[in-house]
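All values derive from a computational prediction rather than experimental measurement.
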Amino acid sequence: VLALWLFPMVEQLLPISSAEEQLANELPTRRAQQFRVSRGYLRDAMADLWQIDALSVPIYAPPGQPPLLEKGWGHISMSHCQDAFLVGWSHKKIGIDIERTDRKIKNTQLINRYFSKSEQRSILHLQDEEINSFVLRHWITKEACIKWQRSSIAKDFSNWDWGKDSDTATHKLDKHHLRIHHLTHHKWNMAIAYSIKERMQMPMLCVSSS
């Protein structure tokens with residue numbers, strides 16, 4: 001099973017644990033607010049999945065670290081963009097990423113720094129809007145792979161090889177092979193990555209009205 005929860009980012013404060021509240025109090029004001037909102041959404045999604053109280057969900061998700069559930073509770077991943085927050089859960093390890101479909105991220109320096117020579121060649125014949133779409137789709141795909149890997153953009157973005165519209169991605173060094181799903185809902189693009197060895201159903205997307 002592979003489940004996703006999409007929360008429009010209205011910054012509604014949902015319950016978080018006392019330990020998470022203490023962590024939030026140690027952060028700058030803006031980051032503290034983002035932390036409270038994201039952990040509240042994360043707990044709300046898991047409470048919906050397990051049909052338990054949100055504060056009873058055994059989550060470990062300190063600032064700047066990938067979220068973890070206690071052993072036996074499955075695996076989670078999360079991502080946010082300007083106006084939405086995405087939570088993913090599965091019995092097996094996953095990585096997810098979300099971005100707005102209209103985000104403009106065409107940037108020559110970014111492309112030269114993070115994209116392989118073959119990817120750069122694929123862009124040469126494209127128009128501006130096509131370049132933006134190409135870069136955006138590659139970005140969320142590789143971000144999802146990196147979150148599955150629990151690595152970083154700086155370290156591994158260029159090491160992931162994904163062909164346009166392919167349903168698999170491969171790490172050039174470690175030879176990880178991941179299955180890739182893409183979803184679009186209204187103004188958001190999403191990418192989901194998991195081991196090609198796993199057999200999973202198509203993701204179920206739950207859209208919150210919160």
Side-chain angles (χ1 to χ4, degrees), residues 2-4 31 34-35 38-39 42 59-69 71 74-82 84-101 103-124 126 130-184 188-200 203:
L2 176 54
L4 300 170
R31 283 200 64 202
Q34 292 174 339
F35 180 81
S38 63
R39 271 48 179 188
L42 184 58
I59 292 174
Y60 177 72
Q65 295 186 32
L68 294 172
L69 288 168
K71 186 176 181 180
H75 299 262
I76 50 177
S77 183
M78 62 183 184
S79 177
H80 67 86
C81 61
Q82 175 185 338
F85 186 79
L86 184 68
V87 176
W89 176 91
S90 179
H91 288 292
K92 301 295 183 178
K93 188 167 67 168
I94 60 170
I96 64 173
D97 198 57
I98 186 172
E99 264 303 345
R100 286 180 59 95
T101 57
R103 183 182 176 188
K104 304 299 182 184
I105 58 174
K106 180 190 172 186
N107 183 296
T108 302
Q109 185 176 5
L110 179 149
I111 292 171
N112 291 339
R113 178 178 179 182
Y114 289 112
F115 284 72
S116 68
K117 295 300 182 183
S118 63
E119 289 168 339
Q120 292 178 36
R121 287 193 295 270
S122 298
I123 295 173
L124 291 177
L126 300 179
E130 294 175 316
I131 292 175
N132 194 78
S133 177
F134 179 96
V135 172
L136 178 61
R137 196 167 176 83
H138 273 70
W139 192 269
I140 64 172
T141 300
K142 293 191 178 190
E143 274 254 45
C145 293
I146 287 167
K147 289 181 180 179
W148 175 91
Q149 188 185 9
R150 296 186 178 274
S151 184
S152 68
I153 291 173
K155 181 180 178 181
D156 275 297
F157 190 94
S158 60
N159 288 327
W160 281 102
D161 186 16
W162 175 72
K164 184 176 181 294
D165 298 325
S166 173
D167 64 353
T168 61
T170 303
H171 194 279
K172 298 174 185 177
L173 302 179
D174 297 336
K175 304 304 179 184
H176 297 306
H177 296 285
L178 302 185
R179 182 76 62 196
I180 305 298
H181 282 298
H182 290 101
L183 294 175
T184 300
W188 298 293
N189 281 336
M190 293 159 273
I192 305 98
Y194 58 88
S195 174
I196 201 169
K197 298 176 182 178
E198 309 297 343
R199 293 185 177 182
M200 295 192 189

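Although no hydrogens or angles enter the test, the distance criterion places no donor-acceptor pair under 3.5 Å between the side chain of R103 and the main chain of L136. Of the possible donor and acceptor atoms, none in the side chain of S166 sits under 3.5 Å from a partner among the backbone N and O of W162. Without hydrogens or angle criteria, W139 side chain to E143 main chain gives no donor-acceptor distance under 3.5 Å. Proximity of a side-chain donor or acceptor of E119 to a complementary backbone N or O of S116 within less than 3.5 Å is detected. A donor-acceptor contact shorter than 3.5 Å links the side chain of K147 to the backbone of M78.
You'll find the side chain of M200 stays beyond 4.5 Å of the side chain of I192, heavy atoms only. Residues R31 and P63 form a side-chain contact, since some pair of their non-hydrogen atoms from C-beta on lies under 4.5 Å apart. For the pair D167/R179, a side-chain contact is recorded, criterion being any heavy-atom separation below 4.5 Å from C-beta on. With contacts defined as side-chain heavy-atom distances shorter than 4.5 Å, the pair K92/Y194 does not qualify. Contact check for L178 versus K93: no side-chain heavy atoms found under the 4.5 Å cut-off. Inter-residue side-chain proximity for H182 and N189 is flagged as unmet; no heavy-atom pair is nearer than 4.5 Å.
Relative orientation of the F115 and H138 rings is tilted, given thresholds of 30° and 60° on the angle between their planes. By the 30° and 60° cut-offs, the orientation of the rings of W160 relative to H171 is perpendicular.
Around NE2 of H80, the count of heavy atoms belonging to other residues, nucleotides or ligands within 6.0 Å does not exceed 12. Heavy atoms from other residues, nucleotides or ligands lying under 6.0 Å from CZ of R113 number 12 at most.
Distance check: S118 OG to I123 CD1 gives 10.0 Å after rounding to the nearest 0.5 Å. With rounding to the nearest 0.5 angstrom, the CZ atom of F85 is 8.0 Å from the OG atom of S79. Between the CD atom in E99 and the CH2 atom in W188 there is a gap of 12.0 Å [rounded to 0.5 Å].
Side-chain atoms of D161 and T170 form no donor-acceptor pair, as typed in the model, at a separation below 3.5 Å.
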